[in-house]
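Okay, so here's the structure we're looking at.
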Amino acid sequence: MSKITHHIPEEMLRAYAAGTLPQPFAVVIAAHVSLCDDCRSVVEAEAAVGGALLDGLAPAGVSSDARARLFAALDATPTPTPPQRGSGIFPAPVMEALKGQPPRWKMLGGGIRQQILSADEEGSLRLLYIPRGRAVPEHGHHGLELTLVLQGSFSDSEGRFAVGDVEVAQDDVDHQPMAGDEAPCICLAATDAPLRFHAMIPRLLQPLFRI
C-alpha cells in the first residue's frame, strides 16, 4: 500500500474517540484508522486522555450515584479497538457493515456501481465502484462527505487519493472524481445530506439511487 497522505482531521478523530460521531462517519474513520498508523495513534492518545480525565475528576466533582451513571454510560459507548484484519481489500469495519458478505452491487450507469450499507436520519454509508478512467458526475455537497479509498485511486480538484486516503468534502467543495488507470476504484463514502448534482440527468435519477 502506498503512503497515506490524506488523513482525518484531528477534531473528527477526537469526536470518534469520544463516541460522538454519527455511525456512517464512525465506520469510515474506523476503517481508515485500521489502515493508518498516524491516525490510530491520535485516537489511542485521545482515548487515554479521556480516561485519565474521568479517573482524576469524577471522584472529586461528581456524586457517587452520578459517577456510577457516568462510568456505566462510558462502558456502553463503543471505544476504538486495535485494527483487525478484514477480507481482501475490505478492513474489518467494512466487513462488519457488509455482514461478512461480498458487496451486492447495483448499477448506477456508465459502469459505476454502489451498495448502500446504511441510510437513516444520521446519514448514509455506501460502497462505490468506479471503473478505471471513469468519472462520476460533477457535484457539490449540502453537508459533509467522507470518502475512503479501498482499492485503486481517484483524482479531482482537491488532489489524488490512493488506498487509505480520505477526502473530506464540505459544502464548499465542487468536484468530479475520476478513477485512476491502475485499477477500478472502490471507495467507502459517508454523507449526512444529499449530493448537489449539476447535470439534469443525475438530478432526475437522484431519488431513485438515494445519493
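Residue numbers count from 1 along this sequence. Only a predicted model underlies this, so the values are computations on that prediction, with no experimental measurement involved.
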**Message:** Taking salt bridge (Lys or Arg N to Asp or Glu O under 4.0 Å) as the cut-off, I'd like each qualifying pair that reaches into residues 92-101, sequence neighbours left out, listed once.
**Reply:** none
**Item:** Results of side-chain hydrogen bond (donor to acceptor under 3.5 Å, both in side chains) for Asp181 - residues two or more places apart only
**Value:** none
**Item:** With Glu11 via side chain to side chain contact (heavy atoms under 4.5 Å, CB included) - residues at least two apart
**Value:** Pro9, Arg14
**Linked, directly or transitively: Met178 and Ile130 (ILVMFWY side chains, under 4.5 Å)** = no
**Message:** List the residues meeting side-chain hydrogen bond (donor to acceptor under 3.5 Å, both in side chains) with Asp192, not counting sequence neighbours, and say none if there are none.
**Reply:** none
**Item:** Main-chain N/O of Val33 paired with Arg40 side-chain donor or acceptor, under 3.5 Å
**Value:** yes
**Request:** Answer whether the closest heavy-atom distance between the side chains of Val94 and Ile89 falls below 4.5 Å.
**Result:** no
**Prompt:** Should Leu21 and Ile29 count as side-chain neighbours, where that means a heavy-atom distance under 4.5 Å?
**Reply:** yes
**Request:** Name all residues meeting the ring pair (Phe, Tyr, Trp, His ring centres under 6.0 Å) criterion together with Tyr129; count only those two or more places apart in sequence or in a different chain, and write none if there are none.
**Result:** Trp105
**Prompt:** Ala190: what forms a side chain to side chain contact (heavy atoms under 4.5 Å, CB included) with it, not counting sequence neighbours?
**Reply:** Pro24, Phe25, Val28, Leu125
**Message:** Applying ring pair (Phe, Tyr, Trp, His ring centres under 6.0 Å), can you list everything that pairs with Phe161, at least two apart in sequence or on another chain?
**Reply:** His6, Phe154
**Message:** Applying side chain to side chain contact (heavy atoms under 4.5 Å, CB included), can you list everything that pairs with Ser155, at least two apart in sequence or on another chain?
**Reply:** Arg160
